[in-house]
Protein chains: 2
Amino acid sequence: MIDDISLQILSILQEKARIPNVEVARQVGLAPSAVLERIRKLEKQGIIDGYEVRLNPEKLHRDLVAFLQITLDRPEACTSVAEALSALPDTQEVHYITGNDAFLVKLRSSSVTELHRTVQKHIAGLPGIARVHTHIALATHKESAKIPLDAIIP
Amino acid sequence: MIDDISLQILSILQEKARIPNVEVARQVGLAPSAVLERIRKLEKQGIIDGYEVRLNPEKLHRDLVAFLQITLDRPEACTSVAEALSALPDTQEVHYITGNDAFLVKLRSSSVTELHRTVQKHIAGLPGIARVHTHIALATHKESAKIPLDAIIP
DNA sequence: TCTGAAAAAATGTCGGG
DNA sequence: CCCGACATTTTTTCAGA
């Protein structure tokens, strides 16, 4: 399915996506053209989904992380609520969670004032929503989308 | 602090970080060298923190998302627990949350079996931990680290 | 799938405004 | 802070193994 060299390439890119191709080639011991061919293939297969810049939230006034636990009145509202939540610019994650059948939503705002405004104006009133529990992050010790690759069997 | 053109550049990079510099220059109406200068400056300022490849978790057998709510016995254990949680490869996020004074941890695993193993072997036994509540995501509707830039006042 | 060489394109440098 | 020309480096293509 995916061999060891491609895993190595993914691992290198996951650390530093803007590393030049020639450098990746050197590290895995192939010619640049071979590496390019592999990367193109990984992109076409959808294993590589894209490339993102990592911005510093603090320096851009987006240092308030909050989690909302949203329970529903009516199960039918699930889809529409999910779409409405996902459409908000402050929303970073929307998951439907086992247990109490609720959404867990991660928001990034500029302040508690703005968070409150977003919840009141765009979330609390959505049809189908019963309760919104808001939890604010006092500290964020880790925040990453990295996927561990060493566990994958080639 | 940061002007409109730099915000435009960040916005373009946030959509597609691997876009060539000349293309960014064309879109913002500057010479490539001017754009390069701005990007270097943003990197040095720490506003741009790095570049990441976005991998598809499903295609890499990492499609199980779980959230742990971890309450502590002893408040002094906070730091050591945070470090231990952050060190686990499956851990993607570790937040300390208001309300019940607990950690909210996001994990990405390959299966419920592996999730269970990780919790039992590396988390439940950590000194200072009182309870671990595990919630599994049945569906993930949005998952992004994008920061909305249009709200920022230049 | 890989290589190596050549062509095409982008990045990086720098004097000057 | 920007431009534009030039040097350097990288990406991309391609024929052959």
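Within every chain, numbering begins at 1; the chains are lettered A, B, ... in the order of the sequence lines, protein sequences first and strands thereafter.
Nucleotides of DNA chain D nearest to B/Ala34 and A/Glu37 differ in position, and the one nearer the 5' end is that of B/Ala34. Take the nearest nucleotide of DNA chain C for A/Ala31 and for A/Arg18: the residue whose nucleotide is more 5' is A/Ala31. Comparing A/Arg38 and B/Pro32 against DNA chain C, the residue whose closest nucleotide sits nearer the 5' end is A/Arg38.
Over its length, the helix from C/dT1-D/dA17 to C/dG17-D/dC1 turns its helix axis by 30°, as judged from the five terminal pairs at each end, rounded to 10°.
Between A/Gln92 and B/Lys146, the shortest heavy-atom contact is NE2-O, 3.1 Å. The two residues B/Ser86 and B/Thr91 come nearest to each other via the heavy atoms CA-CG2, 4.5 Å.
Between A/Arg40 and A/Glu37, no side-chain nitrogen of the basic residue sits less than 4.0 Å from a carboxylate oxygen of the acidic one, so the salt-bridge criterion is not met. Using a 4.0 Å cut-off between a side-chain N of Lys or Arg and a carboxylate O of Asp or Glu, B/Glu143 and B/Arg108 qualify as a salt bridge. B/Arg117 and B/Asp90 are not joined by a salt bridge, as no carboxylate oxygen comes within less than 4.0 angstrom of a charged side-chain nitrogen.
The distance between atom CD1 of A/Ile9 and atom P of C/dT1, rounded to the nearest whole Å, is 11 Å. A straight line from CD1 of B/Ile2 to P of D/dC1 spans 11 Å, rounded to a whole angstrom. Rounded to whole angstrom, the span from the CD1 atom of B/Ile5 across to the C1' atom of D/dC1 amounts to 10 Å. What separates CG of A/Asn21 from P of C/dT11 is a distance of 14 Å, to the nearest Å. We find that CD of B/Glu43 is positioned 12 Å from P of C/dT11, with the value rounded to whole Å. In this structure, B/Asp4 atom CG and D/dC1 atom P are separated by 14 Å, rounded to whole Å. For the pair A/Ile39 CD1 and D/dT11 P, the computed distance is 9 Å after rounding to whole Å. Between the NZ atom of A/Lys16 and the C1' atom of D/dT10 there is a distance of 14 Å, given to the nearest Å.
No hydrogens or angles were tested; on distance alone, nothing pairs the side chain of B/Ser33 with the base of C/dG12 as donor and acceptor under 3.5 Å.
Of the side-chain N and O atoms in B/Arg40, one or more sit less than 4.0 angstrom from OP1 or OP2 of C/dG12.
Every residue two or more places apart in sequence or in another chain was checked for a ring pair (Phe, Tyr, Trp, His ring centres under 6.0 Å) with B/Tyr51, and none qualifies.
Which of C/dA10, D/dT11, D/dC2 sits closest to the side chain of B/Leu30 comes down to D/dC2. Comparing D/dC2, C/dT11, D/dT13 by their nearest atom to the side chain of A/Leu36 picks out D/dT13.
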For residues 67-82 of chain A, run the donor-acceptor check on the side chains, cut-off 3.5 Å, and write out each pair with its distance to 0.1 Å, sequence neighbours left out.
unit_1, atom_1, unit_2, atom_2, d
A/Thr71, OG1, A/Arg131, N, 3.4
A/Ser80, OG, A/Ala77, O, 3.0

